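Below, read A as the first sequence line, B as the second, and so on, with proteins coming before strands; counting in each chain starts at 1. Source: prediction; values computed, not measured.
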Amino acid sequence: MKKYRPQEFESKWIKVWEEQPDPFQPTKEPKYYLVELPYTSGDLHIGHWFTFTIPDVLSRFKKMQGHDVFFPIGYDAFGLPAENAAMKRGVHPRDWTMANIETMTKQFKTMATMLNWEHMIIACEPEYYRWNQWIFLKMYEKGLAYRGSALSNWCEKDKTVLANEGIENGKCWRCGTEVVQKEIEQWFLKITDYADQLIWPENPEQQWPMSVRVGQNNWVGKSEGVELQFEIVDYKSPVTVFTTALDTIFGVTFLVLSPEHSIISALMDGTLKSSEIEKVKPYVNQAQKKTEEERKIGAKDKTGVFTSLYAVNPLNGQKIPVWVADYVLSSYGTGAVMGVPGHDARDHEFAQKFELPIVQVLKPADSIKDIKIEADGFWDYADIKVDYKDTAILLNSGEYDGLTSSEAKKKLEEYIQTKKIGEIKKQYHIHDWSISRQRYWGTPVPMIHCDDCGMHPVPEKDLPVELPYDVDFTPTGKPPLATNEEWMKVDCPKCGKPAMRDAETLDTFFDSAWYFYRYLSPHYTEGPFDTEEVKKKMPVDIYFGGSEHTLGHTLYARFFTKFFHDLGLVPFTEFADRRMEHGVILGPDGHRMSKSRGNVINPDDLVKEYGADTVRLYLCFMMPYEATAPWSTSSMQGAYGFLRKVWDIYTSGTYYSDEAQENADLVILLNKTIQSVTRDVDAIKMNTAIARMMELVNGWNDATRKAEKPVLSTANAKKFLQLLAPFAPLMTEEIWHQELGEKSSIHSSIWPVADKCKLKEATITMPVQVNGKMRATITVDATDVEEKAVVDVALTDATVKKYTDGKEYKVIY
RNA sequence: GCCGGAGUGGUGGAAUGGCAGACACGCUGGACUUAAAAUCCAGUGCCGUCACUGGCGUGUGGGUUCGACUCCCUCCUCCGGCACCA
């Protein structure tokens with residue numbers, strides 16, 4: 001008997017598989033399994049192993065079942081971290097990224113996956129990003145890519161927009177300059193055009209987790225309401241307000257504008273006079289320094305100042321004061337809110353703090369007897385507690401008496417439309433996707449700016465616009481690409497005069513929004529992807545990945561697919577039939593792994609010591625794919641022990657033979673194991689599948705020891721090895737060849753099917769409950785399971801008798 | 001605050017209306033060994049018992065049911081996400 005030494009054969013098989021073409025002939029439908037495009041961060045960590053091993057097991061399993069499995073791999077290679085790392089170490093971002101790809105590829109190959117390297121894509125190669133540019137131009141053509149402006153985190157010294165992560169205590173993470181909010185011109189994608197389509201229906205055909213669907217729907221954040229004009233006293237332009245609760249219009253006691261509102265700008269630059277300008281100015285200046293994050297944190301404590309302006313309620317002509325406050329966001333709705341403190345908690349807080357009148361439209365008559373009421377309403381917004389004694393006034397008009405809230409809303413909507421003081425509007429929380437970055441390491445925006453005739457797209461024949469290698473990508477106050485003056489110069493495609501390239505690059509989420517199409521035909525030159533291949537293999541059967549991409553990546557990917565659908569490139573509107581979000585492997589101390597904590601588990605060391613099969617098996621066994629739990633090397637040794645036991649079984653020569661007198665119970669257990677492993681792997685419950693196999697090995701061990709001779713036929717012994725093959729592909733391959741004398745790969749063999757005749761045991765053990773409490777177990781013949789017979793047996797059981805004798809009982813079988 | 005998810009032994013977890021704790025880790029005892037490691041065997045939710053029978057037990061309190069970890073309601077805790085969304 002040989003000792004289990006994975007180091008002696010693991011690398012051999014990895015090499016053999018790499019060199020040999022796949023002899024397997026698929027007979028069933030194609031399957032496309034996908035894991036999110038890994039980022040080229042440096043090293044492969046245990047999390048990568050976890051996220052890729054489980055899909056690999058599924059892939060191997062489906063392949064053995066005869067499917068044509070496509071399980072590709074590639075790299076998300078553009079992005080800020082490469083630039084930052086490069087700056088820190090003085091390496092070029094491209095060289096840094098390529099070195100990482102090389103390292104990671106080497107590490108990936110030690111995992112013994114069936115990943116398809118032939119279809120690999122690397123997002124920073126012109127062959128790939130040329131099609132980013134192509135898609136961008138298509139979107140530009142359709143009006144979906146446009147130049148606009150939005151408030152952004154801005155560093156005045158570096159002259160650059162900062163991501164939220166790039167702000168530390170309100171200051172630029174690089175130079176410490178205070179970050180301000182500034183309107184910045186940038187490229188946008190009009191994802192809002194697809195807002196309605198991105199909302200998941202109640203019962204979609206796709207199996208995406210409820211949490212993801214709800215999260216995305218909330219993010220799209222559709223709400224229906226009206227936009228309403230409030231005239232400003234002694235000023236020409238009115239203020240437009242969005243509300244979903246038009247029926248509370250009679251409860252409006254003030255108007256609040258965001259600090260960025262155009263009326264406030266007019267006050268600031270003196271176009272509009274205000275007697276309160278000395279208070280307004282510092283407030284607005286200070287509000288501009290706050291990030292959205294800070295506004296959120298300070299949200300509970302309302303701030304604001306009176307502008308000295310008054311507005312007119314379009315429904316009842318009441319004059320109300322206009323305030324400015326940073327709890328009103330310019331990024332949602334119209335940046336102006338009608339204050340209804342009687343029915344909105346935030347307005348209520350604001351009114352209380354600044355002693356503004358609070359009015360409720362609703363009057364449950366008996367609760368406010370001391371107030372003179374002109375009409376009984378039916379509005380029900382009872383969650384606001386109002387101190388009526390001090391503040392309640394009644395503005396209701398008799399016209400809306402007796403109506404419910406929604407009836408009143410409808411009537412009011414008709415009224416404002418005929419009077420042309422407002423219109424029905426849908427509002428979305430989601431805003432257009434800002435895709436330009438003043439950065440180097442990304443896809444160049446394929447546009448040309450001509451001083452004479454304006455902005456033009458780069459003609460398709462001139463794609464790709466290649467990213468130049470030589471630029472100064474350290475922050476100098478202008479975009480890195482602009483530092484390469486030669487590269488910037490280009491002839492205007494319209495007038496032919498000297499013009500300039502666009503110096504910005506695309507957000508890396510653009511790259512990853514469509515990569516799964518490119519996998520199918522990574523070198524295709526006629527378009528971004530081969531539509532025939534798409535028809536064959538898409539949509540993706542299961543898309544594995546992390547929950548951090550719920551509101552970013554997967555939403556963008558869905559948007560791109562819907563856009564491709566509209567272009568007629570793909571015949572469906574959702575790219576993935578099923579989504580599975582993995583959990584996290586924590587450090588042994590129960591905290592997230594991080595270099596600073598020193599709790600990082602290195603997979604390379606584990607592979608060296610225990611072999612890839614052990615690491616794979618444990619990753620499958622330690623928890624369900626969706627769970628989060630700490631790593632435990634000692635628990636992993638249990639997986640190693642299991643594999644060693646299996647190894648011993650197959651190499652000792654005493655556990656199975658061609659002429660074995662088979663143990664009938666063991667054969668039944670084997671067939672049950674085949675059944676449950678098949679079911680569990682299919683349902684991606686790898687942990688329980690392995691538990692079932694462990695039970696079989698224990699049973700096999702016991703039976704062999706008792707009989708002191710082989711108890712299973714070689715044919716059956718092969719079946720068990722096949723069940724284990726997707727989990728421990730290397731050891732099973734070694735045994736398959738060396739011990740069982742097979743010539744072709746175990747991974748090309750046909751997945752075993754349970755023998756239905758060998759699933760039933762001769763006797764069945766049944767629990768007996770009396771009054772729902774377990775009292776005994778009885779054993780009955782498997783052929784005699786009629787109710788009467790079983791109950792008779794149960795009633796003769798001594799323990800059961802004790803509880804039933806002399807008592808009335810009902811029999812439930 | 002809102003939304004989503006989860007609370008089961010010392011630990012990871014299993015059971016989705018019918019024997020709670022499968023399978024592992026850890027721990028305890030034993031075998032082997034000069035010894036240790038490795039390996040093997042036995043035990044391992046709590047209480048009680050020589051032992052069997054028994055009682056209790058799935059975050060809390062209640063409900064539905066012959067029967068609840070599982071379904072319904074209340075509350076608590078933890079994790080993840082977020083948008084003061086007008």
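Side chain of A/K302, nearest nucleotide from B/G12, B/A22, B/C84: B/C84. Candidate nucleotides B/G13, B/A15, B/C85 were compared by shortest atom distance to the side chain of A/Y332, and B/C85 ranks first. Considering only side-chain atoms of A/R644, the nucleotide from B/C23, B/A86, B/C40 that sits closest is B/C40. Taking every side-chain heavy atom of A/P624 into account, B/A14 is the closest of B/A86, B/A14, B/C23. For A/T688, whose side chain is taken as the heavy atoms from C-beta onward, the closest listed nucleotide among B/C85, B/C23, B/A15 is B/A15. Side-chain proximity of A/S632 to B/C25, B/A22, B/A86: nearest is B/C25. Which of B/G4, B/A14, B/G81 sits closest to the side chain of A/L551 comes down to B/G81. Closest approach to the A/V214 side chain among B/G4, B/G12, B/A86 is made by B/G4 (side chain taken as heavy atoms from C-beta onward). The side chain of A/S634 has B/C25 as its nearest neighbour among B/C84, B/C25, B/C23. The listed nucleotides are B/G12, B/C23, B/A86; the one nearest the side chain of A/N698 is B/C23.
The nearest pair of heavy atoms linking A/K2 to A/W647 is O-NE1, 3.0 Å. Of all non-hydrogen atoms in A/H431 and A/I191, the two that sit nearest each other are O-CG2, 3.6 Å. The two residues A/N599 and A/H591 come nearest to each other via the heavy atoms ND2-O, 3.4 Å.
Taking atom CD of residue A/E695 and atom P of nucleotide B/G13, one finds them 19 Å apart after rounding to whole Å. One interatomic measurement links the two molecules: CG of A/L586 to P of B/U11, which rounds to 15 Å at whole-angstrom precision. The separation between A/K706 atom NZ and B/C41 atom C1' is 13 Å, rounded to whole Å. If you take CZ of A/F642 and C1' of B/A22, they are 15 Å apart, rounded to a whole angstrom. Atom-to-atom, CG of A/N701 to P of B/A24 comes out at 11 Å; the value is rounded to the nearest Å. Atom CH2 of A/W200 and atom P of B/G4 are 17 Å apart (whole Å). Rounding to whole angstrom units, CD of residue A/E548 and P of B/G4 are separated by 21 Å. Rounded to whole angstrom, the span from the OH atom of A/Y327 across to the P atom of B/A86 amounts to 13 Å.
Nucleotide B/C82 is matched to B/G1 when pairs are restricted to Watson-Crick or G-U wobble geometry with both distances under 3.5 angstrom. Summarising the base pairing, B/U58 is matched to no nucleotide, lacking a Watson-Crick or G-U wobble pair whose two defining distances lie under 3.5 Å. Both distances falling under 3.5 Å, in either a Watson-Crick or a G-U wobble arrangement, place B/G43 opposite B/C27. Across all strands shown, B/A6 forms a Watson-Crick or G-U wobble pair with B/U77, both key distances being under 3.5 Å. The partner of B/U16, taking Watson-Crick or G-U wobble pairs whose two distances both stay under 3.5 Å, does not exist in any strand shown. Pairing of B/A68, defined by two Watson-Crick or G-U wobble distances under 3.5 Å, is not identified with any nucleotide. B/A38 is unpaired under the criterion used here, namely a Watson-Crick or G-U wobble arrangement in which both key atom distances are under 3.5 Å.
Not a single donor-acceptor pair under 3.5 Å links the side chain of A/R213 to the backbone N or O of A/N203.
Positionally, the nearest nucleotide of RNA chain B for A/N217 lies more toward the 5' end than for the other of A/V337 and A/N217. Nearer to the 5' terminus of RNA chain B, by closest-nucleotide assignment, is the contact made by A/I690 (compared with the other of A/I690 and A/D702).
The separation of B/C19 from B/A68, taken at their C1' atoms, amounts to 15 Å, rounded to a whole angstrom. To the nearest whole angstrom, the two C1' atoms, one in B/A22 and one in B/C73, are 32 Å apart. When the C1' atom is compared between B/G17 and B/C23, the two are found 24 Å apart, to the nearest whole Å. Taking the P atoms as reference points, B/G59 lies 24 Å from B/C66, given to the whole Å. When the P atom is used for both B/A24 and B/C72, the distance is 34 Å, rounded to whole Å. Nucleotides B/C40 and B/G7 place their P atoms 33 Å apart, quoted to the nearest Å. The separation of B/C84 from B/C78, taken at their P atoms, amounts to 23 Å, rounded to a whole angstrom. Nucleotides B/A14 and B/A86 place their P atoms 39 Å apart, quoted to the nearest Å.
Within the nucleic acid shown, A/G221 comes within 4.0 Å of at least one base atom, counting heavy atoms only. Among the atoms of the strands shown, none is found under 4.0 Å from any heavy atom of A/R213. Residue A/T628 is classed as a sugar-phosphate contact, given heavy-atom separations below 4.0 Å to backbone atoms only.
At a cut-off of 3.5 Å, with distance as the only test, a side-chain donor of A/T554 or A/Q216 sits close to an acceptor on the other residue.
In terms of phosphate contacts, A/N687 brings a side-chain nitrogen or oxygen within less than 4.0 Å of OP1 or OP2 of B/A14. Residue A/S635 places none of its side-chain N or O atoms closer than 4.0 Å to OP1 or OP2 of B/U11. Between A/R692 and the phosphate of B/A14, there is no side-chain N or O to OP1/OP2 separation shorter than 4.0 Å. Side-chain nitrogen and oxygen atoms of A/R592 include none within less than 4.0 Å of the OP1 or OP2 phosphate oxygen of B/C79. Put simply, A/K685 has no side-chain N or O that comes within less than 4.0 Å of OP1 or OP2 on B/A22.
In this structure the side chain of A/P314 reaches within 4.5 angstrom of the side chain of A/L228, judged on heavy atoms. Side-chain contact between A/R346 and A/K302: present, with at least one pair of heavy atoms (C-beta onward) separated by less than 4.5 Å. Proximity of A/K645 to A/W700: side-chain heavy atoms (C-beta onward) are nowhere separated by under 4.5 Å.
In B/G9 the base sits syn relative to the sugar, since the glycosidic angle is no further than 90° from 0.
Ion pairing between A/R579 and A/E36 holds under the 4.0 Å rule for side-chain N and carboxylate O.
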